[in-house]
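Beneath this line is the structure, given in structure tokens, with notes to follow.
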Amino acid sequence: MTLPADTHRLAGAPLIIGGGMAGAALALLLRHHGTPAVTLVESHAIAAGEPPDTPSFDARSTALSAGSLATLARLGLLEAVLERAASIETVHVSRRERLGITRLHAGEHALPRLGAVVENRWFGHVLLRAVEADPAITLRAPARVTGIRRHEHGYTATFDDGATLDTPLLIAADGARSQTRDWMGITARHQDLGQDALIANLGLAEPHGNVAFERFLDDGPLALLPLPDQRQALVWTGPRDQVDAWMALDDDAFLAALRQRVGGASPRLARVGERHRYPLILTEACGQAVPFGAVVGNAAHTLHPVAGQGFNLTFRDLALLAERVGGQPDPGRLDRLSAWAAERRRDQTDIGQASRWLPELFRVRHPLFAHTRQLGLLGLDLFPAARKSFARRAMGL
Ligand SMILES: Cc1cc2nc3c(=O)[nH]c(=O)nc-3n(C[C@H](O)[C@H](O)[C@H](O)COP(=O)(O)OP(=O)(O)OC[C@H]3O[C@@H](n4cnc5c(N)ncnc54)[C@H](O)[C@@H]3O)c2cc1C
């Protein structure tokens, strides 16, 4: 039987399940590293040329580190992202009613910016526009894979419309509750922190000066990230019943409660947009590589959003994966995938632990801890070398 030319092309293509931030970014990175064709499957509809509205590309904003911006530049996407992003030139870390205040400045690192904040919908628009513009990336959306079967040379995936596709490399990028990860036989640990992150965009009565504020409060950490048009993106974490109460307030009462928490640390708040909440459930896959398969993004690790590291960490995973397997005739070789996962483990462990312990450290009320964390923040402010190494780590450099 003669197969249509398209089928031949797809037979050798890596298949990415999940067209969110991780899946879309990986498709572009694989192409950048010489993979001739990629198939990307997303369960939600994506209208061509319009900003997406999917679980990944929603009302949130993402703080992209300097390292992530450099990777976007390599993909030729930096200008488009920055078109609607606000630079972070200073990071201001503080704790309510305490001395410790630390400022990290772009100038100390000879960088134009420490990072940039972009609304997820715009970021998704830029990534998916690049996906659509590449004829070698087949985007199937809305579409679902209903089952996978492993064989000698890879996997065969069956779609909800009955179509099947052979792939030498299957990627699970379908989020924290990844079904593809389960199908590959990789288990995951989930830890419900009993907290939610409330997010909203805020209108300001004065410029934000490109400062990102991170404030450690007794309820949990709060971040105010600069956005274009004199706005900030709020990420406010707290126990679920506390978040219930914040969600129930009218806009004026909400702003008053927020002002009280933020104190004089941030510019004057004028308006609040729609509020959304996200349960904080940490996920960690017990592995990332199987023969002909890899797990990435939220499917591999979901972090506390405290330091805005989740996607930045993922982007580093993806850049190395694409470098190792991109353009290879046998991208699903287990030794290669295992070596990639091993190489990424240190960074994942360090960032995972930091984002797990940071909010805890700031919540403990023992005076010894209070003293230590003040010293920690003040120390960072007093000793430029320590601050520099902390910042370089957070920036993914
Ligand atoms: C409040 C909050 C703030 C954050 N802020 C930052 C930040 O400032 N900086 C940062 O670096 N990170 C941040 N993060 C983390 C960041 O959002 C994640 O790293 C990122 O969403 C991971 O993307 P993903 O594509 O792996 O997963 P997801 O975003 O979960 O996307 C998964 C995709 O797969 C699709 N899908 C699911 N099942 C299927 C299926 N069966 N078939 C096909 N498709 C499927 C979904 O529709 C979705 O599009 C934040 C997270 C939260 C919750």
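Quick caveat, the model's predicted, so the values are computed rather than measured. Numbers for residues simply follow the sequence, beginning at 1. For the numbers below, each heavy atom of this structure counts, side chains included, while hydrogens, waters and symmetry mates do not.
The only member of Thr314, Ile171, Asp174, Asp317 that meets side chain to side chain contact (heavy atoms under 4.5 Å, CB included) when paired with Val296 is Ile171.
What you find for Glu42 and Gly19 is that their closest heavy atoms are OE1-N, 2.8 Å. Closest non-hydrogen pair, Ala143 versus Val41, comes out as O-CG1, 3.5 Å. Between Asp192 and Gly194, the shortest heavy-atom distance links the atoms OD1-N, 2.8 Å. Across Gly49 and His125, no two heavy atoms sit closer than the pair O-CE1, 3.1 Å. Taking both residues in full, the closest heavy atoms of Val93 and Phe216 are given as CG1-CE1, 3.7 Å, listed atom of the first, atom of the second, then distance. Closest approach of Trp183 and Gly147 over heavy atoms only: CH2-N, 3.6 Å.
Under the 4.5 Å side-chain heavy-atom criterion for grouping Ile, Leu, Val, Met, Phe, Trp and Tyr, Leu77 is connected to Leu318 within one hydrophobic cluster. Leu320 and Leu334 are not part of a single hydrophobic cluster, where members link through side-chain heavy atoms under 4.5 Å apart. Ile16 and Leu75 fall within the same hydrophobic cluster, defined by Ile, Leu, Val, Met, Phe, Trp and Tyr side-chain heavy atoms under 4.5 Å apart, directly or through other members. In this structure, Leu204 is not a member of the same hydrophobic cluster as Val235, with clusters built from ILVMFWY side-chain heavy atoms closer than 4.5 Å. Taken together through direct or relayed side-chain contacts under 4.5 Å among Ile, Leu, Val, Met, Phe, Trp and Tyr, Val118 and Ile199 form parts of separate hydrophobic clusters.
Put simply, the side chain of Thr302 gets close to the backbone of Asn298: a donor and an acceptor are under 3.5 Å apart. At distances below 3.5 Å, not a single donor-acceptor pair connects side-chain atoms of Asp330 with backbone N or O atoms of Arg333. The backbone N or O of Arg345 lies less than 3.5 Å from a partner atom in the side chain of Thr349, making a donor-acceptor pair. Judged by distance alone, the side chain of Arg231 and the main-chain N or O of Pro228 form a donor-acceptor pair under 3.5 Å. Checked by atom type and distance alone, the side chain of Asn312 pairs as donor or acceptor with a backbone atom of Ser65 at under 3.5 Å. Under the 3.5 Å distance criterion, the side-chain polar atoms of Arg324 are left unmatched by any main-chain donor or acceptor of Pro331. In this structure, Arg144 contributes its side chain and Ser43 its backbone to no donor-acceptor pair below 3.5 Å. A donor-acceptor distance shorter than 3.5 angstrom exists from the side chain of Arg181 to the backbone of Ala299, with no hydrogens or angles considered. A distance-only check finds a donor-acceptor pair linking the side chain of His208 to the backbone of Leu227 [under 3.5 Å]. Side-chain atoms of Thr237 never come within 3.5 Å of backbone atoms of Asp196 as a donor-acceptor pair (strictly under, hydrogens ignored).
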Query raised in the report: What's the verdict on side-chain contact (heavy atoms from CB on, under 4.5 Å) for Val290 and Ile186, showing C-alpha distance, side-chain angles and the deciding distance?
Result: CA-CA 8 Å; Val290 290; Ile186 297 179; 3.7 Å; yes
Requested in this report: Start with the C-alpha distance between Asp347 and Leu313, add both sets of side-chain angles, then the distance that settles side-chain contact (heavy atoms from CB on, under 4.5 Å), and finish with yes or no.
Outcome: CA-CA 8 Å; Asp347 190 18; Leu313 179 67; 3.6 Å; yes
Report task. Could you walk me through whether Ile137 and Leu28 pass side-chain contact (heavy atoms from CB on, under 4.5 Å), step by step? Result -> CA-CA 8 Å; Ile137 302 179; Leu28 297 169; 4.0 Å; yes
Query raised in the report: So Asp219 and Arg261, salt bridge (charged side-chain N to carboxylate O under 4.0 Å, His left out) or not? Walk me through it.
Result: CA-CA 10 Å; Asp219 304 325; Arg261 297 297 206 291; 3.0 Å; yes
**Report entry** Asp160 vs Arg140, salt bridge (charged side-chain N to carboxylate O under 4.0 Å, His left out): CA-CA, chis, key distance, verdict
**Finding:** CA-CA 11 Å; Asp160 45 5; Arg140 298 187 63 155; 5.7 Å; no
Query raised in the report: His32 and Thr71: side-chain contact (heavy atoms from CB on, under 4.5 Å), yes or no, with the steps?
Result: CA-CA 11 Å; His32 180 71; Thr71 307; over 6 Å; no
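In this structure, Arg84 is positioned above the aromatic face of Trp122, its NZ or CZ under 6.0 Å from the six-membered ring centre and within 45° of the axis. The cationic atom of Arg149 (NZ for Lys, CZ for Arg) does not lie both less than 6.0 Å from the six-membered ring centre of Tyr155 and within 45° of the ring axis. Figure legend: cation-pi geometry between Arg275 and Phe254, with NZ or CZ positioned under 6.0 Å from the six-membered ring centre and within 45° of its axis.
Between Leu258 and Leu269 the shortest side-chain heavy-atom distance falls below 4.5 Å. Contact of the Leu193 side chain with the Arg240 side chain is not registered, since no non-hydrogen atoms from C-beta on lie closer than 4.5 Å. At least one side-chain heavy atom of Gln288 sits under 4.5 Å from a side-chain heavy atom of Trp340. Side-chain atoms of Thr180 and Val145, non-hydrogen and from C-beta on, never get closer than 4.5 Å to each other. Proximity of Pro168 to His153: side-chain heavy atoms (C-beta onward) are nowhere separated by under 4.5 Å. For the pair Gln232 and Pro226, the minimum side-chain heavy-atom distance is 4.5 Å or more. Proximity of Arg277 to Asp244: side-chain heavy atoms (C-beta onward) are separated by under 4.5 Å at one or more points. With contacts defined as side-chain heavy-atom distances shorter than 4.5 Å, the pair Phe57/Leu128 qualifies.
Between Glu206 and Arg268, at least one side-chain nitrogen of the basic residue sits less than 4.0 Å from a carboxylate oxygen of the acidic one, meeting the salt-bridge criterion. Residues Arg121 and Asp53 are paired through a salt bridge, judged by an N-O separation under 4.0 Å between the basic side chain and the carboxylate. The existence of a salt bridge linking Arg271 and Asp252 is excluded, since no basic side-chain nitrogen approaches an acidic carboxylate oxygen closer than 4.0 Å. With respect to Arg346 and Asp350, a salt bridge is recorded, a charged nitrogen being found less than 4.0 Å from a carboxylate O. Looking at Asp182 and Arg177, no side-chain N of the basic residue comes within less than 4.0 Å of a carboxylate O on the acidic one, giving no salt bridge. Classification of Arg60 and Glu119 as a salt-bridged pair fails, no side-chain N sitting under 4.0 Å from a carboxylate O.
Within the model, atoms NE2 of His190 and CG of Leu282 stand 11.0 Å from one another, a figure rounded to the nearest 0.5 Å. Taking CD of Gln179 as the start and OG1 of Thr146 as the end, the distance is 9.0 Å to the nearest 0.5 Å. Rounding to the nearest 0.5 angstrom, the gap separating the CD1 atom in Ile351 from the CD atom in Gln309 is 4.5 Å. Once rounded to the nearest 0.5 Å, the distance linking CG of Leu303 with CZ of Phe311 reads 13.0 Å. Residue Asp241 holds its CG atom at 10.0 Å from CH2 of Trp246, rounded to the nearest 0.5 Å. A distance of 9.0 Å separates CG of Leu234 from CG of Asn201, quoted to the nearest 0.5 Å.
In summary, the side chains of His151 and Thr156 do present a donor paired with an acceptor at a separation below 3.5 Å, with no hydrogens or angles considered. Residues Ser87 and Asn210 have side chains that never bring a donor and an acceptor to within less than 3.5 angstrom of each other. Between Glu284 and Gln348, the side chains place no donor N or O within less than 3.5 Å of an acceptor N or O (distance only, hydrogens not considered).
Using cut-offs of 30° and 60° on the angle between ring planes, the pair Phe213 and His92 is tilted.
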